[in-house]
Number of protein chains: 4
Amino acid sequence: MPAKRRIKARKQPLQQRSRETVAVILEAAARVLEQRGLEGYNTNAVAERGGISVGSVYQYFPNKDALTLALIARFEDALLAKVRDAVTASEGKSLTASLNLIIRAQLEAHAERAGLNRILETEEDRLRPASSDSSAASELKQLVAALLARHRREIVMTVDDDAIEDLIVISRAMVDHALQKDLSQAAASRRALRAVEGYLLGPQADL
Amino acid sequence: MPAKRRIKARKQPLQQRSRETVAVILEAAARVLEQRGLEGYNTNAVAERGGISVGSVYQYFPNKDALTLALIARFEDALLAKVRDAVTASEGKSLTASLNLIIRAQLEAHAERAGLNRILETEEDRLRPASSDSSAASELKQLVAALLARHRREIVMTVDDDAIEDLIVISRAMVDHALQKDLSQAAASRRALRAVEGYLLGPQADL
Amino acid sequence: MPAKRRIKARKQPLQQRSRETVAVILEAAARVLEQRGLEGYNTNAVAERGGISVGSVYQYFPNKDALTLALIARFEDALLAKVRDAVTASEGKSLTASLNLIIRAQLEAHAERAGLNRILETEEDRLRPASSDSSAASELKQLVAALLARHRREIVMTVDDDAIEDLIVISRAMVDHALQKDLSQAAASRRALRAVEGYLLGPQADL
Amino acid sequence: MPAKRRIKARKQPLQQRSRETVAVILEAAARVLEQRGLEGYNTNAVAERGGISVGSVYQYFPNKDALTLALIARFEDALLAKVRDAVTASEGKSLTASLNLIIRAQLEAHAERAGLNRILETEEDRLRPASSDSSAASELKQLVAALLARHRREIVMTVDDDAIEDLIVISRAMVDHALQKDLSQAAASRRALRAVEGYLLGPQADL
DNA sequence: CATGAATGAGAATTCATTCAT
DNA sequence: AATGAATGAATTCTCATTCAT
């Protein structure tokens, strides 16, 4: 057992290196997924694509699913960043304009690497233990809640947690569908907006 | 290949052997999917579960995906049947009531074997050549169109093909989400109804 | 595949109908072999091709190899018939002319269904227990011997059994090669003739 | 089997370890083929025989056929080496003696592992895209050409490419036959020599 | 830490053959 | 005799993961 010395001095550059390696792995995984699909997505391919060894992949990810989850997290981070920006940018804007901004944020996040993200969404289903809320999901809810709070007076219905969840579900479905159908951003956001606004402002369903 | 002494009793082959075998295979596949998930879903397991040989599976399905697709078709048939009934039953009813019926039809179809159907939906994504409309999808659209046509006057917006697609996307998303969250039928249909009605009757989005 | 199997025909096609069925099976097998190669040659395919059931194939042939052997025998019969004719036709002709006739007979027999016959030859190798002389082979030898006997005086070397075997080996190799290279009959027979004549009339090798 | 496959080597053995493994695999394959025949030749058997895992076989050979082809190449290399030596050794010798040397070279190459080599020859037929000249085949032709060139004056006929091909075909057939009949080297080479010399020096066939 | 060779359980698919009808 | 559904052992090939170097 080697004595531990110079821990900090030595560790720092190594951590830097590790960080890079992780980035390399993630990007390699993303590319494999994009170019060969779930079909051709395997750890050996990822390693090769990243110009590293399989062993290194397992150094940073305990297994393949963990790698995929990291990719999903990366996507969620990017999505959240855009949504955060949208919420900030919508300050002072009308409800419709605000909703439009947030929808566009989602559309953009998904469109960036549409093929990849579609696959990741599929995998998310499989990898996330049934009803476990990712922290990303809950932050997203908070952001949407914050945005809606600004327009409390215009919205008749009670905007509780369930309603926010529904709104997210709806816009996500519309966005997914738009990308699958390869709609223009304009058309996609118009239709999504209608759906979202309808939910919020439409008639109070009452059987 | 050495002939093996078959000691076990042979099955009683009734008439329509083939038809039965296909049914047995499908049901076995469904059960494997339900109980072991995509993970444990393989043709050998299906055969074993069905009490038949793998060979028989391949006698009727050229490969595993074909089997899965047959399962998907079976589900779609069941869904369509329910929706058809709902559309018929909604004759003379109000728009809201009609929408409610169609949503409940979907909810019921999905709820019947929720776990199985969720998996099938995931697989559908993978198995259907991107954006290829199944005939089931197009019949569903027609049914929804027919239902809406009855209420033309109440609906301000233009109900074209895109709108119908959106409605289906929305209700499907709401239904999926409801099942995933294990909501009650009442809650689920209320929320889905709001979404659908909102889309149809809500404010005309205009930026 | 098991090491040992019954290989002879299972049942003598005594009746007219049986005879026809056997012919159908053989022709179906030939066609499958021609069109899909050894790769796609299987008893189910043969049955389908022949418009009969697999069971019927097994009624007349104890196993797949027996079927293949029957095909080989059919080819050998055709070859022998042609060679017999050639030997008859060569009566009174010169040695060179006689050899030419017999070579052409072989060429024709092989050319008729070149693809099929090539495959059969490959299989013959695998199916014939090492050094088992088929009766066809021995009749062929007799025919060649008879032909050569007429020209005893022109041939210096001793024409024993071995020599005849060599001649057959040589001409067969030349014929196979010609067909593989897709040579014209003229070129093929010229070159084969040279080989055969050389063996018979060439210098007495003496180290 | 699928129509198209990769047939070239999958990975170049870079390290010492790899090199050894490849050798182990080849030798294991050879032994399986020798002892169990084509019948019992499968990748699992090869791996087991080599004391390694199937995975390792596939690490170096993309599929079974590629492995077989490597075995064929190994045999051809050995054959060529012997023939090269024979051509060198025959410098200054008479035509007859030279031909004898080259025939013996072939005989020896084939005799070394007769059973194995016979099988490989059969497989070669199946695996080589019709009429594709291996580089080994063309080197063999060059060697024979070189040997004959030394005796131009003794040979009356025109020794073109076709003639050389014929000579190779003839000697190969004689050698195969000799091994199949288990002839002594002396007898085998005497008969092959007669065939080859006859072709070269025999009467100019003229119909 | 990195490497990459090795592992081996597992999964898909085939097809010769059987046998109840 | 004919049929053809059913059988299931066998085989090919993959890929997540490990571990010696």
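Protein chains get the first letters and strands the later ones, always in sequence-line order, with residue 1 at the start of each.
- At the phosphate of dA6(E), OP1 or OP2 sits under 4.0 Å from a side-chain N or O atom of Y60(D).
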Could you spell out the base pairing of DNA chain F as a dot-bracket line? Use Watson-Crick and G-U wobble contacts where both distances are under 3.5 Å, [ ] for crossing pairs, | for partners on a different strand. .||||||||||||||||||||
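- When the side-chain nitrogen and oxygen atoms of S56(D) are compared with OP1 and OP2 of dT7(E), one or more of them lie within a distance under 4.0 Å.
- Taking D125(D) as the reference, R118(C), T122(C) meet the side chain to side chain contact (heavy atoms under 4.5 Å, CB included) condition, with sequence neighbours excluded.
- Every residue two or more places apart in sequence or in another chain that forms a salt bridge (Lys or Arg N to Asp or Glu O under 4.0 Å) with D65(A) is listed here: R126(A).
- Under the 4.0 Å criterion applied to side-chain N and carboxylate O atoms, E27(C) and R74(C) are assigned as salt-bridge partners.
- Applying the salt bridge (Lys or Arg N to Asp or Glu O under 4.0 Å) criterion to E124(C), with sequence neighbours excluded, gives R128(C), R172(C).
- Computed from coordinates, the R36(C) CZ to dC15(E) C1' distance equals 13 Å when rounded to whole Å.
- Shown here are the side chain to side chain contact (heavy atoms under 4.5 Å, CB included) partners of F61(B), two or more places apart in sequence or in another chain: V22(B), I25(B), L26(B), A66(B), L67(B), A70(B).
- At the phosphate of dG8(F), neither OP1 nor OP2 sits under 4.0 Å from any side-chain N or O atom of S53(B).
- The salt bridge (Lys or Arg N to Asp or Glu O under 4.0 Å) test applied to R36(D) returns no partner, not counting sequence neighbours.
- In this structure, F61(C) atom CZ and dA2(F) atom P are separated by 12 Å, rounded to whole Å.
- Look at the P atom in both dT21(F) and dC1(E): the space between them is 22 Å, to the nearest Å.
- Each of N42(D) and V57(B) was matched to the nucleotide of DNA chain F holding its nearest heavy atom; the match closer to the 5' end belongs to V57(B).
- Between L120(D) and L33(D), some side-chain heavy-atom pair lies under the 4.5 Å cut-off.
- Separating the CZ atom of R19(B) from the C1' atom of dG4(F) is a distance of 16 Å, rounded to the nearest angstrom.
- Distance, E48(B) CD to dT7(F) C1': 15 Å, rounded to whole Å.
- If you take OH of Y41(C) and C1' of dA16(E), they are 12 Å apart, rounded to a whole angstrom.
- Q35(D) meets the side chain to side chain contact (heavy atoms under 4.5 Å, CB included) test with R31(D), R49(D); sequence neighbours excluded.
- Mapped onto DNA chain E by nearest heavy atom, T21(D) and Q59(A) fall at different nucleotides, with Q59(A) at the one closer to the 5' end.
- Residues satisfying the ring pair (Phe, Tyr, Trp, His ring centres under 6.0 Å) criterion with Y41(B), sequence neighbours excluded, are absent altogether.
- With rounding to whole Å, E39(C) atom CD is found 17 Å from dT13(E) atom P.
- Counting to the nearest Å, the P atom of dT14(E) and the CG atom of L38(C) are 18 Å from each other.
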Protein N or O to nucleotides 17-21 of chain F N or O, pairs below 3.5 Å:
from, atom 1, to, atom 2, distance (Å)
dT17(F), OP2, Y58(A), OH, 3.0
dT17(F), OP2, K64(A), N, 3.1

